[in-house]
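Structure record follows, encoded as structure tokens.
For ligands, and for the atoms within them, numbers begin at 1 and follow the listed sequence.
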Amino acid sequence: MSIAELNLFPLCLGGNVFGWTADRDASFAVLDAYAEAGGNFVDTADVYSAWVPGHSGGESESVIGEWMALRGNRDRMVVATKVGSMEGRQGLSAANIQRAVEDSLRRLRTDRVDLYWAHVDDPETPLEETLGAFDALVRAGKVRHVGASNHEAARLAEALEVSEREGFVRYEALQQHYNLLERGYEGALREVVTAGGLVSMPYFGLARGFLTGKYRPGVEVDSPRAGAAGAYLTTERGPRVLRALDRVAAGHGVAPATVALAWLAAQPTVATPIASARDVEQLRPLLDLAEVKLGEDDLALLDEASR
Ligand SMILES: NC(=O)c1ccc[n+]([C@@H]2O[C@H](COP(=O)([O-])OP(=O)(O)OC[C@H]3O[C@@H](n4cnc5c(N)ncnc54)[C@H](OP(=O)(O)O)[C@@H]3O)[C@@H](O)[C@H]2O)c1
């Protein structure tokens, strides 16, 4: 069965905030609001949020698992998580994947992962071994679909060939850095995705918050993302893209964040952009994505500003 069977909501809710910039209560509020709006697709990883002092990874999965258990809504949610980047669970060897998935299932309080991502490429492990391990998990019913994140075009193409040759499950989606300010995906990688019939689920859809328009000259933003996000202000394209976003957003009566995600959603191969929110107020404009359709003029203006 293809990934289309998952009937994904137009916005994938990014889970790296859960247990990081959103505590348990704030996370539950965001998840509740997302689900109430019809949202069904949450993205996390075993490693979230290991970068927080005192955390070791698994915090985000645990929050999502507890929330689904309390709400009794596991069957209507589509849960995506990742393997390969967590300390002690690094890489894509078969042994690592087998152990990591059990840990994730336990934290998520479920018996299956709907979409399991290879978080980063692992050149040390033969693709046959990685894909064979994913194939076994799908056969065992522990995983429904698999995807590749942060893979180069040639390696993704090679992985698809290996799946074909060996009769293994194949990557059906690519998760990569892509937004109005980061368009590197639009080259060889998109060609492989298109030729292979995969879909794209871009992360950092909001350029870590920059494309919400809250980073402006002279404005101080209180966020652990402020360094990387605020840096776009010092580029030539950053302010130019913000001006275009402001204009299109005003035309539609929505927030710049909505337009940034709608632009992504309108790009070839993109199935659903991923973005996170630390509270319900932040989430509202992201949910508006489901209601907004950009016209050709809007898309052209944004395209030009971001080149
Ligand atoms: N595969 C990978 O390697 C990879 C890498 C990174 C991320 N991801 C996935 O992609 C998801 C999204 O990444 P991300 O959350 O770091 O970046 P993002 O979606 O580009 O930015 C989201 C952040 O922008 C800010 N924001 C969102 N809506 C806002 C609003 N309406 N008003 C003001 N600020 C707003 C919030 O950060 P502040 O409150 O901190 O400003 C929010 O956490 C992650 O949760 C994760 O699931 C995957």
Inset, instruction - Just jot down the ring-ring contact (aromatic ring centres under 6.0 Å, His included) partners of Phe18, sequence neighbours excluded, or say none. - result: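 By the ring-ring contact (aromatic ring centres under 6.0 Å, His included) rule, Phe18 matches no residue at all.
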Inset, instruction - Using a strict cut-off of under 4.0 Å between a residue heavy atom and any atom of ligand 1, list the qualifying protein residues by chain and number. - result: Gly14, Gly15, Asn16, Val17, Asp43, Tyr48, Lys82, His119, Ser149, Asn150, Gln175, Tyr203, Phe204, Gly205, Leu206, Ala207, Arg208, Gly209, Thr212, Lys214, Ser223, Arg225, Ile274, Ala275, Ser276, Arg278, Gln282, Pro285, Leu286
Legend entry - Asp46: salt bridge (charged side-chain N to carboxylate O under 4.0 Å, His left out) partners, not counting sequence neighbours: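 Checked Asp46 against salt bridge (charged side-chain N to carboxylate O under 4.0 Å, His left out); zero matches.
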Inset, instruction - Can you tell me which residue pairs pass the ring pair (Phe, Tyr, Trp, His ring centres under 6.0 Å) test with a partner in residues 225-262, sequence neighbours excluded? - result: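 Every pair satisfying ring pair (Phe, Tyr, Trp, His ring centres under 6.0 Å) with a residue in residues 225-262: Phe210-Tyr232.
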Inset, instruction - If the plane angle is over 60° it's perpendicular, under 30° parallel, otherwise tilted; pick one for Tyr185 and Tyr178. - result: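 Because their plane-to-plane angle lies in the 30° to 60° range, the rings of Tyr185 and Tyr178 count as tilted.
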Legend entry - Note: Asp297-Arg247 ion pair, threshold 4.0 Å (strictly below):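 No, Asp297 and Arg247 are not salt-bridged.
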Inset, instruction - Taking atom types as modelled, find out whether Trp67 and Asp32 have a side-chain donor-acceptor pair closer than 3.5 angstrom. - result: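 Present: a donor and an acceptor within the cut-off.
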